[in-house]
Amino acid sequence: PSRCAALPRNRLKVSHMKINCAVCTTTGTVRRQNQDNFYFCGETKPSLQGDLSLDRSFTAPTALFSVCDGMGGEKAGEVASFLAVEALKEYPPESFETHWPDYIETANERICAHGRRVHARVGTTFTGLFLEDRQALAINVGDSRIYLIRGGEISQLSRDHTEFQSMVDAGVLTKEDYARTNSHHYLTQHLGIESEEMELEPHLSAAVPARGDVFLLCSDGLTDMLPDQAIGDLMEQHADADSLCSAAIDAGGYDNVSVCVFGVSFRQPFSCRRRIISPRRRCHSCNRFSISRVFKSFIPPSLWRYRMPSL
């Protein structure tokens, strides 16, 4: 894949984001193994573990989350999704914006190598959401999804790489036909495809988070059981990751279900009360200079609280 500058460069630098997040993964009611996995605050689901639920609250300048849905039968799919999320640990979140093509190539090759060793076709979907400086970059390969819930509306940031979506794009089917066909189970792209067979083309989209926004990453174990509107309604009721997984189980739970939910809030760039900015910078809220202790010794006290004239 080509290196695409998906995030605009005229961004306002924000020192840190406060992130409240939770993840839940469960085997479901039918499957024997949980072949899903996730990357969550640097943590992943240990291989061969079934159900797992975590929640975290932290402050950081960047963040990276991912959900992967393995395929291949028996333990092959579980290994594929595990290899995909473990490879993310080699790419620090602060560098993922520019190095995501390297990650896709690395993870794909490792999964293909595993398939060659076990003489089986194995693979995994991949969804990744990278956050930095009031910007969100969504990347996906396969049919695991990324949603943005804003103001009671749910919108899909990812794009399904399925035969069904291809037929919708061609005008052969409509989204209302989703429940009446099995074509949405056949993937046109996933990690684990040999480079000689096809070149992966991950889908990228960018968003600007706003106050009250909630992001949701999930495997198709959730979206096959609940339509988008039902997911949005649950999120409006402040449902957490565990509640979404439980709702999918109650609706049948025919597949593994993995859900990662998080909200983000941003700190102001600087403030007069925090005397760490050079004397020529002004506070966004009160239009006054913010004076550092270093410059205080060189500037008369009468200018410390000088208000700039209106422009």
Side-chain angles (χ1 to χ4, degrees), residues 14 16-28 34-70 78 81-82 84-86 88-89 92-94 96 125-132 136-138 140 144-150 152 154 157-158 207 209-223 225-226 230-251 253 255-267:
V14 178
H16 285 86
M17 302 173 291
K18 183 177 180 182
I19 300 175
N20 297 311
C21 48
V23 64
C24 176
T25 182
T26 180
T27 305
N34 186 354
Q35 298 187 343
D36 290 357
N37 215 315
F38 58 81
Y39 180 89
F40 176 81
C41 307
E43 300 181 56
T44 62
K45 180 178 74 70
S47 183
L48 305 181
Q49 181 167 345
D51 299 354
L52 184 62
S53 180
L54 299 171
D55 63 88
R56 298 286 186 271
S57 181
F58 64 95
T59 301
T62 59
L64 177 63
F65 301 91
S66 175
V67 166
C68 296
D69 180 0
E78 188 169 4
S81 61
F82 181 75
V85 295
E86 283 294 304
L88 278 175
K89 294 182 178 180
E94 59 270 16
F96 191 76
T125 66
F126 169 77
T127 58
L129 190 66
F130 169 76
L131 294 167
E132 182 185 28
L137 172 62
N140 83 282
S144 296
R145 293 182 179 178
I146 304 173
Y147 290 101
L148 169 63
I149 296 91
R150 172 181 294 172
I154 182 170
L157 299 181
S158 57
R211 178 175 296 181
D213 284 356
V214 176
F215 291 95
L216 166 66
L217 287 74
C218 62
S219 63
D220 64 350
L222 178 71
T223 54
M225 295 295 99
L226 301 174
I231 296 173
D233 292 342
L234 287 171
M235 296 304 297
E236 275 296 288
Q237 301 169 21
H238 306 286
D240 56 13
D242 290 338
S243 300
L244 290 171
C245 282
S246 297
I249 297 298
D250 293 341
D255 198 357
N256 307 147
V257 185
S258 293
V259 176
C260 178
V261 179
F262 62 93
V264 183
S265 59
F266 298 92
R267 289 162 52 181

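Closest approach of Arg145 to Thr223, counting heavy atoms only: CD-CG2, 3.8 Å. When all heavy atoms of Thr44 and Phe82 are compared, the closest pair comes out as OG1-CE1, 4.5 Å. Across all their heavy atoms, Thr27 and Gly50 have their closest contact at OG1-CA, 3.9 Å. Residue Cys41 comes nearest to Phe58 through the heavy atom pair SG-CE2, 3.2 Å, listed as atom of the first residue, atom of the second, then distance. Cys68 approaches Ala84 most closely through the heavy-atom pair SG-CB, 3.9 Å. Across every non-hydrogen atom of Leu129 and Ala136, the tightest pair is CD1-CB, 4.3 Å.
In this structure, Pro46 and Leu52 have side chains that are in contact, with non-hydrogen atoms separated by less than 4.5 Å. Between Val67 and Val85, the closest side-chain pair of non-hydrogen atoms is not below 4.5 Å. Counting heavy atoms from C-beta outward, Ile154 and Met235 have side chains that stay 4.5 Å or more apart. Side chains of Val261 and Asp240 form no contact here, defined as non-hydrogen atoms less than 4.5 Å apart. Side-chain contact between Leu148 and Asp213 is present, with at least one heavy-atom pair separated by less than 4.5 Å. A heavy-atom distance below 4.5 Å is found between the side chains of Phe40 and Leu54. For the pair Asn140/Phe126, no side-chain contact is recorded, criterion being any heavy-atom separation below 4.5 Å from C-beta on.
Judged purely by atom type and a 3.5 angstrom limit, Asn37 uses its side chain to pair as donor or acceptor with the backbone of Lys45. Ser66 places a side-chain N or O within 3.5 Å of a backbone atom of Thr127 that can act as its donor or acceptor partner. For the pair Ser57 (side chain) and Asn20 (backbone), a donor-acceptor distance under 3.5 Å is absent. Side-chain atoms of Ser219 come within 3.5 Å of backbone atoms of Ser258 as a donor-acceptor pair (strictly under, hydrogens ignored).
Separation of the Tyr147 and Phe215 ring centroids does not fall under the 6.0 Å cut-off.
Between atom CG of residue Leu137 and atom CG of residue Leu131 there is a gap of 9.0 Å, rounded to the nearest 0.5 Å. In this structure, Thr62 OG1 and Glu94 CD are separated by 5.0 Å, a value rounded to the nearest 0.5 Å.
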### Task
Test ring pair (Phe, Tyr, Trp, His ring centres under 6.0 Å) on Phe65 and Phe262 and set out the steps.
CA-CA 10 Å; Phe65 301 91; Phe262 62 93; 4.2 Å; yes

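None of Ile231, Leu216, Val23 except one satisfies the side-chain contact (heavy atoms from CB on, under 4.5 Å) rule with Val259; the exception is Leu216. For the side-chain contact (heavy atoms from CB on, under 4.5 Å) with Asn256, the lone residue among Leu222, Asp220, Asp51, Asp36 that qualifies is Asp36.
Salt-bridge annotation for Lys89 and Glu43: absent, with no side-chain N of the basic residue lying under 4.0 Å from a carboxylate O of the acidic one.
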